[in-house]
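Worksheet: one structure, shown below.
Worth knowing before you read on, the calculation uses all heavy atoms, side chains too, and leaves out hydrogens, waters and symmetry mates. In what follows, every chain begins at residue 1, and chains take the letters A, B, ... in the order their sequences are listed.
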Amino acid sequence: MSACPDYARIPAVFNGRCPCPVRRAASHNTFSFYAIPPILRSIMERYEDSQLYRIRHSTAHIMAQAVLERFPEAKIAIGPPIEDGFYYDFDLPRALTDDDLKAIEKRMRKIISQGHEFVRKEVSADEARELFAGQSYKLELIDGLEQGGVDEYGEKTDQALVISTYTQDSFEDLCRGPHVANSREINPKAISITFKAPAGAYWRGDENREMLTRIYGTAWETPEQLQEYLNLLEEARKRDHRRLGQELGLFTFNQEVGKGLPLWKPNGAILRDLLERFLRDVQIKRGYEPVITPHIARIALFERSGHYPYYKDSQYSPFEVEGDMFMLKPMNCPHHIHIYRSDLHSYRDLPIRYAEFGTVYRYEKSGELHGLTRVRGFTQDDAHIFCTPEQLEDEFLGVVDLIEFIFNGLGLTDYRARIGIRDPESDKYVGDDANWNKAAQAIIAAADKRGLDYRVEEGEAAFYGPKLDFIVRDVLKREWQISTVQVDYNLPARFELEYVGEDNERHQPIMIHRALYGSLERFVAVLIEHYGGAFPAWLSPVQIVLIPVADRHIEYAEQVAAQLDARGLRVNVDVSSGRIGAKIRTATQQKIPWMLVVGDQDIESGAVSVRLRGGEDLGAIPVENFIEQALAIVNNKSLELQ
RNA sequence: GCCGACGUAGCUCAAUCGGCAGAGCAAGCGCCUUGUAAGCGCUAGGUUAUGGGUUCAAGUCCCAUCGUCGGCUCCA
């Protein structure tokens, strides 16, 4: 992230939104897909045609019926299918209780089993208004449908829309369908609305409008599928980086320190430091030069860059020092720019690549904070490349190559690429159209040349330029922007950057902002969840634990540990008074890659009995042999333990 | 920030209708001397997030604040 860019979390398109083409992500017109292979994507595209989709859509209607029966004065909004289920938004007279949900769910099962037909009817706008008199949200939808250009989800469409309703039992809803023909197609034992708490949601996603109550539901074809889904949620909960961060002693938060301000414990700091070293070494080989800059700067710096005026709301308040105003830096680029400016550069010097693990601070609203993935102070693996127009494409591709190299090296495969361009209707961007177009074309051309599978999305650019982002999803299916590469003509102009060309004239360089991990905080969170805490050996905070069988074996264990330590392996000795089984259990729960049991037989043969965290027993191995094997795995950054 | 739920020992949780704050794990001490996912005993650990209020009596009810969680919104 650059910086400027953002490491920031992008909205989880899945959350509350449907992955099928019926719905688009709210902030742009380009439908987004996820990190799925094209072959699966073709299946995804047909989600809205599937029986599962109809089941969910129809179950949503039945839920609305049950809610209206319980709260006759309730107003209904919309209720689309989403990935793994559906929701329906209501304006309710009071907050829902668990008992309400249980009763509604019970009633839904009853309605389903009664076998009601879903009957479609086409109506005129006026007829629809009559049908939904008093239902203000529906009336608003009808207006949009009648006037055209806005579909029932409040989003723009070119299609001429027919107004239709579907009726089952006593409930009629404004809806385009499709639905099941009869509620008997729904398995009443394969639905649930109590699996997830109701939540608030703004009408039409607009924070200036009414806050509605959203009830989430899930529905499957069989009870077994439902159970499988619930099991999956439970598994995801176990992999949650916040939980594992606590269990593995990686990081903590403290109320007195402040929310959104992570404290890295020793184990977490080791992990993070290893990631930093890994990238630093690779970067040096690829021609990056380390730079270091302070955490604050005069506000004037950010006024010139454009950050302050454009993104005031997400920055911390300025503070006065000797009559001058300063602020915590929300990004590193302006600092790096002044390093560039401190010397006169020849075209022969370019490209110049400055890299820094730069800590930045951004104000995030309290409700937006989330573990390590959304915090208020974080460290970016930030770099800025200053290059000539001729070098731009190669430099850009070099960054993409580096990103994929790092991702592959860490076993990260589940990501998608996105090219973010300006929202043509927004004014929160700096620079002129020509520069923006040049930059966007450069990115698209480079991505095509690389053969990247990407989506172009409007409104996802940085404020000074378009970008290519790599996005992953966490266990809760929230999407997070990790890597970003941005082409920037604007900051070089604002800071009047130059280099002397071959023609002996002054020219303006182009900047590439880039971050691979994005923020170390977020990236570590993603890695924790990706590996479920069982990191590759080279990243494991503790790689080996020595387990003496009895107290008389502690001395030998300490000797072996010293040998391992001398070879650079991170090792502990479990000297607790527990049985061996307890020590194995503890080490396994801590996801320590290698457990070395040492007892009389091992001492006699100068060996260790090796057990892997997955439970594999490799038997007795001479100490030196084990060291060589372990070192090979660690030094190769192998993702496997054997 | 908004809607809702929640906050009890380091961690995970219990405490009936408002009636003596408890357990497991972890920790400390001791016993056992162990061969591949929990050996045994003892001890310590608390202003029940914080501040007010109601009540003879508050972990429990009410208000505010702080924090956490699920969503929404935002996300340079």
Side-chain angles (χ1 to χ4, degrees), chain A residues 1-12 15-16 26-27 87 89 92 94-98 196-203 205-216 240 242-243 246-247 249 252-256 258-260 302 305-308 310-315 330-331 333 360 362-371 374 428-430 460-465 467 476 478 480-481 484 486 513 547-554 576-589 595-602 609-613 615-617 620:
Chain A
M1 108 184 49
S2 72
C4 325
D6 51 328
Y7 78 104
R9 167 190 177 194
I10 57 137
N15 283 339
S27 57
Y87 67 80
D89 288 344
L92 296 173
R94 61 169 173 83
L96 289 171
T97 64
D98 288 351
K196 189 171 185 171
Y202 297 110
W203 169 236
D206 183 343
E207 65 178 324
N208 298 312
R209 304 210 52 182
E210 300 88 332
M211 174 63 76
L212 305 174
T213 300
R214 173 168 300 177
I215 305 176
Y216 283 98
D240 190 311
R242 292 165 301 179
R243 176 191 174 109
Q246 158 74 24
E247 289 175 357
T252 188
F253 289 88
N254 178 274
Q255 189 167 336
E256 193 166 28
K259 57 166 73 170
F302 300 107
S305 72
H307 291 94
Y308 187 69
Y310 280 82
Y311 288 95
K312 219 172 170 175
D313 291 348
S314 54
Q315 295 165 187
M331 70 300 299
C333 31
V360 299
R362 298 180 189 180
Y363 167 70
E364 305 281 357
K365 292 179 194 168
S366 56
E368 296 160 345
L369 300 172
H370 182 83
R374 191 80 183 269
K428 62 172 191 176
Y429 304 99
V430 298
E460 298 295 339
F463 79 88
Y464 48 74
K467 56 182 185 165
L476 301 175
R478 291 187 248 230
W480 301 99
Q481 178 186 313
T484 186
Q486 307 167 358
H513 306 245
I547 299 180
V549 173
D551 284 356
R552 67 175 178 280
H553 309 122
I554 289 178
S576 68
S577 62
R579 299 290 106 108
I580 184 173
K583 296 177 184 178
I584 297 273
R585 178 182 157 86
T586 303
T588 304
Q589 286 175 337
M595 287 159 251
L596 308 185
V597 176
V598 292
D600 293 331
Q601 300 150 35
D602 304 288
S609 294
V610 182
R611 179 188 166 108
L612 305 182
R613 64 185 160 202
E616 303 90 336
D617 187 350

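A sub-4.0 Å separation between OP1 or OP2 of B:G67 and a side-chain N or O of A:Lys259 is present. For A:Arg242, a side-chain nitrogen or oxygen approaches OP1 or OP2 of B:C69 to under 4.0 Å. When the side-chain nitrogen and oxygen atoms of A:His370 are compared with OP1 and OP2 of B:G71, none of them lie within a distance under 4.0 Å.
Between A:Val610 and A:Asp617, the closest heavy-atom pair is O-OD1, 3.3 Å. Considering all non-hydrogen atoms of both residues, A:Glu207 and A:Lys365 come closest at OE1-NZ, 4.0 Å. In plain terms, the two heavy atoms of A:Met331 and A:Arg362 that are nearest each other are CB-NH2, 4.3 Å. When all heavy atoms of A:Gln486 and A:Ala462 are compared, the pair lying nearest together is OE1-CB, 3.9 Å. Between A:Tyr216 and A:Ala199, the shortest heavy-atom contact is CE1-CB, 4.3 Å.
Only the C1' atoms considered, B:U54 is 7 Å distant from B:C62, to the nearest whole Å. Rounded to whole Å, the separation between the C1' atoms of B:U34 and B:C40 comes to 13 Å. B:U50 and B:A44 have their P atoms separated by 23 Å, given to the nearest Å. To the nearest whole angstrom, the two P atoms, one in B:G59 and one in B:U16, are 12 Å apart. B:G52 and B:G71 are spaced 36 Å apart, taking the P atom of each and rounding to whole Å. The gap from the P atom of B:U43 to that of B:A38 amounts to 26 Å, rounded to the nearest Å. Rounded to whole Å, the separation between the C1' atoms of B:C74 and B:A5 comes to 22 Å. Taking the C1' atom of each, B:C25 and B:C63 are spaced 37 Å apart, rounded to whole Å.
Contacts of A:Arg585 classified as side-chain hydrogen bond (donor to acceptor under 3.5 Å, both in side chains), with partners at least two apart in sequence or in another chain: none. Not a single side-chain hydrogen bond (donor to acceptor under 3.5 Å, both in side chains) links A:Ser366 to another residue, sequence neighbours left out. Taking A:Thr213 as the reference, nothing meets the side-chain hydrogen bond (donor to acceptor under 3.5 Å, both in side chains) condition, with sequence neighbours excluded. With sequence neighbours excluded, the residues satisfying side-chain hydrogen bond (donor to acceptor under 3.5 Å, both in side chains) with A:Glu247 are A:Arg243.
Between A:Tyr216 atom OH and B:C3 atom P there is a gap of 17 Å when expressed in whole angstrom units. At whole-Å resolution of the value, CE in A:Met595 and C1' in B:G35 are 14 Å apart. The interatomic distance linking A:Gln255 (CD) with B:G51 (C1') rounds to 13 Å, in whole Å. Taking atom CZ of A:Arg585 as the reference point, atom P of B:A37 lies 11 Å away to the nearest angstrom. With rounding to whole Å, A:Tyr363 atom OH is found 15 Å from B:C74 atom P. Between A:Asp206 atom CG and B:G1 atom C1' there is a gap of 14 Å when expressed in whole angstrom units. A straight line from CG of A:Asn208 to P of B:C3 spans 14 Å, rounded to a whole angstrom. One can place CD of A:Glu368 at 14 Å from P of B:G67, the figure rounded to the nearest angstrom.
Comparing B:C11, B:G4, B:G70 by their closest approach to the side chain of A:Lys196 singles out B:G70. Considering only side-chain atoms of A:Tyr202, the nucleotide from B:C74, B:G67, B:G1 that sits closest is B:G1. Nearest to the side chain of A:Arg374, among B:C2, B:C74, B:G4, sits B:C74. Residue A:Met211 has its side chain nearest to B:C2 when only B:C2, B:G35, B:U73 are considered. Nearest to the side chain of A:Ser609, among B:G39, B:G70, B:U36, sits B:U36. Looking at the side chain of A:Gln601, the nearest of the listed nucleotides B:C74, B:G39, B:G35 is B:G35.
With contacts defined as side-chain heavy-atom distances shorter than 4.5 Å, the pair A:His307/A:Cys333 qualifies.
A:Asp602 comes within contact range of at least one nucleobase, with a heavy-atom separation under 4.0 Å. Residue contacts for A:Gly205: at a heavy-atom cut-off of 4.0 Å it reaches the sugar-phosphate backbone alone, with no base atom in range. The residue A:Ala201 sits close only to the backbone: its heavy atoms come under 4.0 Å of sugar-phosphate atoms, none of a base. A:Gly367 comes within 4.0 angstrom of a nucleotide base, judged by non-hydrogen atoms across all strands.
Atom CG of residue A:Asp602 and atom NE2 of residue A:His553 lie 8.5 Å apart, to the nearest 0.5 angstrom.
Judged by closest nucleotide on RNA chain B, A:Leu96 is the one of A:Gln589 and A:Leu96 placed further toward the 5' end. Between A:Leu212 and A:Val597, the residue whose closest nucleotide on RNA chain B is further toward the 5' end is A:Leu212.
Below 30°, between 30° and 60°, or above 60°: for A:His370 and A:Trp480 the angle between ring planes is below 30°, a parallel geometry.
Base-pairing analysis of RNA chain B finds the following stems of at least three consecutive Watson-Crick or G-U pairs, with both pairing distances under 3.5 Å: B:1-7 with B:66-72, B:10-13 with B:22-25, B:27-31 with B:39-43, B:49-53 with B:61-65.
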Could you pull out the protein-nucleic contacts involving nucleotides 32-34 of chain B (nitrogen or oxygen on both sides, under 3.5 Å)?
| unit_1 | atom_1 | unit_2 | atom_2 | d |
| --- | --- | --- | --- | --- |
| B:C32 | O2 | A:Arg579 | NH2 | 2.1 |
| B:U33 | O2' | A:Arg552 | NH1 | 3.2 |
| B:U33 | O2 | A:Asp551 | N | 3.1 |
| B:U33 | N3 | A:Asp551 | OD2 | 2.9 |
| B:U33 | O4 | A:Asp551 | OD2 | 3.0 |
| B:U34 | OP2 | A:Arg552 | NH2 | 3.4 |
| B:U34 | O2' | A:Val549 | O | 3.4 |
| B:U34 | O2 | A:Arg579 | NE | 2.0 |
| B:U34 | O2 | A:Arg579 | NH1 | 3.1 |
| B:U34 | O2 | A:Arg579 | NH2 | 2.6 |
| B:U34 | N3 | A:Arg579 | NH2 | 3.3 |

